[in-house]
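One structure is given below, encoded as structure tokens.
In each ligand, atom 1 is the first atom listed, and ligand 1 is the first ligand listed. FYI, side chains are in, hydrogens and waters are out, and symmetry mates aren't considered; it's all heavy atoms of this structure.
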Amino acid sequence: MKAYINEQFIPKATRQLYQDLAARSYPGVIFYMAIWAALIFPEYDFFFADSRINTTILWTSIIAICAFIRLSCIYIYRAQHKTNPGSNSTILLLGVSVSSLGWGFCSGQLILDPLFQDAIASTLIAGAGLCAGGLASLAPSRRFLILFLIPMLLPPSITILLIDHPFSSSYSALCVLMLGGLYGISGIQRKEYFIALNSQYELEEKSNQLAELNTLDPLTELKNKRYFNEKMDEEFNRAMREKGPLSLIVIDLDNFKKVNDIYGHLIGDECLKEMSKTLKTEFNRTMDTLARIGGEEFAVLLPTLHQDQAILIADKLRRQIEKISIEYGDSDVNLTASLGVSTLYPTNKNSSQELFKQADLALYEAKRLGRNRVESAPTLVDYSGAAGRSTSNC
Ligand SMILES: Nc1nc2c(ncn2[C@@H]2O[C@H](COP(=O)(O)OP(=O)(O)OP(=O)(O)O)[C@@H](O)[C@H]2O)c(=O)[nH]1
């Protein structure tokens, strides 16, 4: 596997391999039983003659019990896999080996039993069919294939040498050749299986990366507006379910046009990148969403935060923005921002748009009152005691 799968995908590929082997084992069990039935029932008079009936019933029972054990092993593996996706595959392997050993034992006994001599050829053909089926389904795992083929082929190929049969040597040679040949062919199938799996994982990873890129603002690498809007709805619904608050801070850099006009757009871009760094440093809860929602406008969505906490955090952020300083020749470019805060306890009567509208109104108020300050929404839904609160540039 390691030769065809990128190292990072190996744990995932291993899980997938055993899941596939388990899925392929179901038709394998049916095929196994069907081949035994096709061997004995068309020759009913022969196999169920008085002298052979007891042995036939015994072998049929062994085959049926082995099939049942294999089915149980698949079932146990799947049940374990559900609770622990990394569960080990030994139980699956046990089922495969028991069923092939059951067949190997019965076919070996049949060859040894003088009463069944006329059935040797059809038994070996049936065994060859099962080996081909095993190759088709178990080829991706070398371990599974070997522990299927050897118990199946070895007993008949050894026992046929022990009896006085005119084609003993050629039967044995065929068995050994089949063992080697099937194992060799399985290598090609294994390679194709893992190369296909690797391509699928690479494709999935690329499409995940693309999807992730699609949510980002390329300049600041913060989330973009489309993602932010979706996230607002998602968090709104979550907060409604959890009956908790949802806070929002919108931030607009002050007089940014002047920065661009005086220092140029490249420095303006630097400011936006520094702003992004400051946001990422200030907000490190994974549940918070940081986004650039306009040219020099940013937003931070803060699930579970009450308005008091959001206002404090917003004011701390405002002070951090004041500290941003970008070198420009002999002078430094400094920034300030105005911030609007709103908090909502989501219900069916309000919406995420309402939350945004309130924060935007507060931001407008902060600009109107002179910039570089934090204002909170004048009206807050279901939040007692905090309406209309504001903090100036303290
Ligand atoms: N460098 C740079 N500038 C941008 C970008 N996006 C928007 N801007 C600029 O941001 C400025 C925003 O100007 P205004 O909307 O007038 O706001 P302002 O000058 O910040 O004034 P107030 O918001 O009222 O404090 C404009 O000059 C835009 O060109 C960007 O990606 N890079």
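Both tests do not hold together for Arg143 against Tyr183: distance to the six-membered ring centre under 6.0 Å, angle to the ring axis within 45°.
Leu182 pairs with exactly one of Leu145, Leu149, Leu177 by the side-chain contact (heavy atoms from CB on, under 4.5 Å) rule, that one being Leu149.
For ligand 1, the 4.0 Å heavy-atom shell takes in Asp252, Leu253, Asp254, Asn255, Phe256, Lys257, Asn260, His265, Gly268, Asp269, Leu272, Arg292, Gly295, Glu296, Lys367, Arg371, ordered by chain and residue number.
The pair Asp288-Arg285 meets the salt-bridge criterion, since a charged nitrogen lies less than 4.0 angstrom from a carboxylate oxygen.
Looking at every heavy atom in both residues, Glu322 comes nearest to Asn334 through O-ND2, 4.3 Å. Considering every non-hydrogen atom in both Ser89 and Tyr77, the closest pair reads CA-CE1, 4.1 Å.
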Using a 3.5 Å cut-off and no angle test, enumerate the donor-acceptor pairs between side-chain atoms of residues 25-44 and protein atoms at least two apart in sequence or in another chain.
unit_1: Ser25; atom_1: OG; unit_2: Leu21; atom_2: O; d: 3.1
unit_1: Ser25; atom_1: OG; unit_2: Arg70; atom_2: NH2; d: 3.3
unit_1: Tyr32; atom_1: OH; unit_2: Ser99; atom_2: O; d: 2.5
unit_1: Trp36; atom_1: NE1; unit_2: Thr60; atom_2: OG1; d: 3.1

